[in-house]
Amino acid sequence: PRAKRLASEFGLQWLHLYGFEKSDEKSPRHFPTFGSLKGSMREETVLFLADIFQNNRSILELVDADFTWLNGDMAKHYGMAGVDGPAWRRVEGTRKNGRGGILTLAATLSQQSGASRTSPILRGNWVSEVLLGEKLPRPPKDVPQLPEDEADTANLTVRQLVEKHSSDARCAVCHQRVDPIGFSLEAYDAIGRYRTRDLANRPIDTKAKLKDGTELDGIDGLRRMLTTTRRDAFVRQFCRKVLGYALGRSTQIADEPLLDRMVKRLESNNYRFGELVTEIVISQPFREIRGKDAVAEQ
């Protein structure tokens with residue numbers, strides 16, 4: 001129960017999914033099943049995170065897992081056979097179906113999309129800020145909005161629209177960082193279903209190249225980047241988020257030595273989640289919460 005509560009409280013906050021089940025931002029015309037599925041999408045996320053936490057798994061599996069939790073409704077949504085009925089169960093070997101890890105959850109993919117189309121910009125920005133801890137400036141106020149319906153875009157794919165939009169010199173610097181990441185997730189529609197063609201029956205292109213030359217080819221390329229070349233940034237950002245949750249405040253410069261110890265302990269212990277928790281609970285900031293004495297004296 002504690003692991004599941006950590007998943008539903010910390011986990012959903014971290015992934016920007018708190019209150020997801022109340023979302024009504026999807027177009028019923030384009031995605032009529034979303035309303036009945038959003039509660040199950042949330043539950044899959046919670047069960048997956050709780051599995052990582054409770055079973056002391058590597059935090060790298062947060063992005064590179066080969067399993068998820070499914071019931072009949074979610075299995076049908078994902079086009080995966082062999083799971084029927086309302087009961088939730090752990091399903092192994094999901095990577096071959098394009099599933100496994102937070103990047104491929106229907107909830108995260110839906111949340112970082114528009115009402116009737118995907119959004120490479122939102123998805124790329126989410127990975128950059130939430131998973132890697134990068135701070136990106138807000139876009140200029142007068143930047144024109146992209147069309148909402150990907151089937152009504154003057155014969156341009158969402159990717160082509162974004163590339164055209166990103167050619168604006170004011171926007172190019174940030175878009176060079178986030179767009180390739182978002183393009184690598186274009187094989188998933190606005191409610192997280194795998195696809196090879198968009199709503200206008202145009203082929204999907206998931207190949208992209210980051211500014212540093214790193215090539216991404218769909219979800220596998222993105223997973224590889226987060227667990228190899230950008231692993232240190234991902235691990236430290238996750239440590240920062242868990243520590244902030246444990247302390248009930250944002251992390252500060254004074255917390256950097258503790259973060260260093262957390263990262264080092266993870267590296268020495270196969271990145272197992274329990275090692276991160278142990279380092280937090282034996283730390284001085286956690287054991288001596290600021291303001292405790294002042295409250296006791298009142």
Side-chain angles (χ1 to χ4, degrees), residues 1-113 115-116 118 123 126 185-199 204 218-220 222-223 273:
R2 291 179 179 179
K4 189 169 183 180
R5 181 172 181 181
L6 182 64
S8 62
E9 293 296 323
F10 161 73
L12 295 183
Q13 289 179 34
W14 168 50
L15 296 177
H16 293 191
L17 292 174
Y18 209 79
F20 172 80
E21 69 279 9
K22 300 176 183 177
S23 172
D24 60 356
E25 297 178 356
K26 296 299 175 187
S27 165
R29 179 170 68 88
H30 292 84
F31 306 111
T33 61
F34 178 74
S36 62
L37 282 174
K38 57 189 178 182
S40 292
M41 292 178 180
R42 176 194 184 277
E43 185 67 6
E44 179 196 5
T45 304
V46 171
L47 290 171
F48 171 76
L49 293 174
D51 195 321
I52 297 287
F53 301 157
Q54 182 177 354
N55 293 301
N56 197 23
R57 304 183 72 91
S58 166
I59 66 170
L60 299 182
E61 287 192 77
L62 287 165
V63 296
D64 199 29
D66 194 19
F67 71 90
T68 192
W69 283 74
L70 298 175
N71 64 4
D73 289 340
M74 288 306 299
K76 182 179 179 181
H77 181 67
Y78 289 151
M80 296 171 62
V83 178
D84 299 299
W88 288 90
R89 68 213 73 177
R90 192 178 194 275
V91 179
E92 298 276 0
T94 56
R95 199 176 301 165
K96 65 180 182 292
N97 299 106
R99 301 296 160 184
I102 57 178
L103 296 168
T104 64
L105 292 169
T108 55
L109 291 163
S110 298
Q111 184 75 354
Q112 305 305 324
S113 295
S116 56
T118 61
R123 289 176 175 177
W126 178 80
L185 292 169
E186 272 293 273
Y188 300 93
D189 73 6
I191 59 172
R193 296 174 300 192
Y194 188 81
R195 62 184 186 165
T196 57
R197 292 182 172 272
D198 68 11
L199 292 178
I204 298 295
I219 182 61
D220 290 335
L222 182 55
R223 283 176 173 144
F273 179 72

With a 3.5 Å distance limit and no angle check, can you tell me whether S110 reaches the backbone of A107 through a side-chain donor-acceptor pair? no
How far apart are the closest heavy atoms of A50 and A7, and which atoms are they? N-CB, 3.6 Å
K26 (side chain) donor-acceptor with G35 (main chain) under 3.5 angstrom: no
Student check: side-chain heavy atoms of R42 and L105 closer than 4.5 Å: no
So, does Y78 use its side chain to make a donor-acceptor pair with the main chain of A106 at under 3.5 Å? yes
Distance col, row T68:OG1 vs F48:CZ, nearest 0.5 angstrom, shows 6.5 Å
I191 side chain reached by L109 side chain, heavy atoms, under 4.5 Å: no
Which atoms form the tightest heavy-atom contact between N56 and F273, and what is the distance? OD1-N, 3.4 Å
Any donor-acceptor N or O pair under 3.5 Å, side chains T118, E186: yes
May I ask you to check whether over 12 heavy atoms, not counting those of E9, lie within 6.0 Å of atom CD? yes
Once rounded to the nearest 0.5 Å, what's the spacing between atom CG of L47 and atom CH2 of W88? 6.0 Å
Answer yes or no: is there a side-chain heavy-atom contact under 4.5 Å between W126 and L15? yes
Side-chain donor/acceptor of T94 to backbone N/O of N97, under 3.5 Å: no
Keeping to residues at least two apart or across chains, list the salt bridge (charged side-chain N to carboxylate O under 4.0 Å, His left out) pairs with something in residues 95-104. D64-R95
Any side-chain heavy-atom pair from R123 and Y188 closer than 4.5 angstrom? yes
K4: salt bridge (charged side-chain N to carboxylate O under 4.0 Å, His left out) partners, not counting sequence neighbours: E43
Would the distance check show the side chain of T45 and the main-chain N or O of M41 forming a donor-acceptor pair, the cut-off being under 3.5 Å? yes
R89 side chain vs A87 backbone, donor-acceptor pair below 3.5 Å: yes
R195 side-chain N/O to I204 backbone N/O, donor-acceptor pair under 3.5 Å: no
Side chains of L49 and L62, heavy atoms from C-beta outward: is any pair under 4.5 Å? yes
Please check this pair: side chain of D84 against backbone of G72, looking for a donor-acceptor N/O pair closer than 3.5 Å. no
In plain terms, say whether E21 and K38 are close enough for a salt bridge, that is, a side-chain N and a carboxylate O under 4.0 Å apart. no
To the nearest 0.5 Å, how far apart are CG in L199 and CZ in R197? 13.0 Å
For a quick test of reading the model, state the closest non-hydrogen atom pair linking S8 to Y18 and the distance between them. O-CE1, 3.6 Å
Could you name each residue pair satisfying salt bridge (charged side-chain N to carboxylate O under 4.0 Å, His left out) that touches residues 52-62, not counting sequence neighbours? R57-E61
To the nearest 0.5 angstrom, please state how far the OG atom of S23 sits from the CZ atom of F34. 4.5 Å
Any side-chain heavy-atom pair from W69 and D51 closer than 4.5 angstrom? yes
Tell me whether T108 contacts the main-chain N or O of I102 through its side chain, where contact means a donor paired with an acceptor under 3.5 Å. yes
Would you call K76 and D73 a salt bridge, using N to O less than 4.0 angstrom? no
With a 4.5 Å limit on heavy-atom distance, are the side chains of N71 and P86 in contact? no
How about Y194 and T104: do any of their side-chain heavy atoms sit closer than 4.5 Å? no
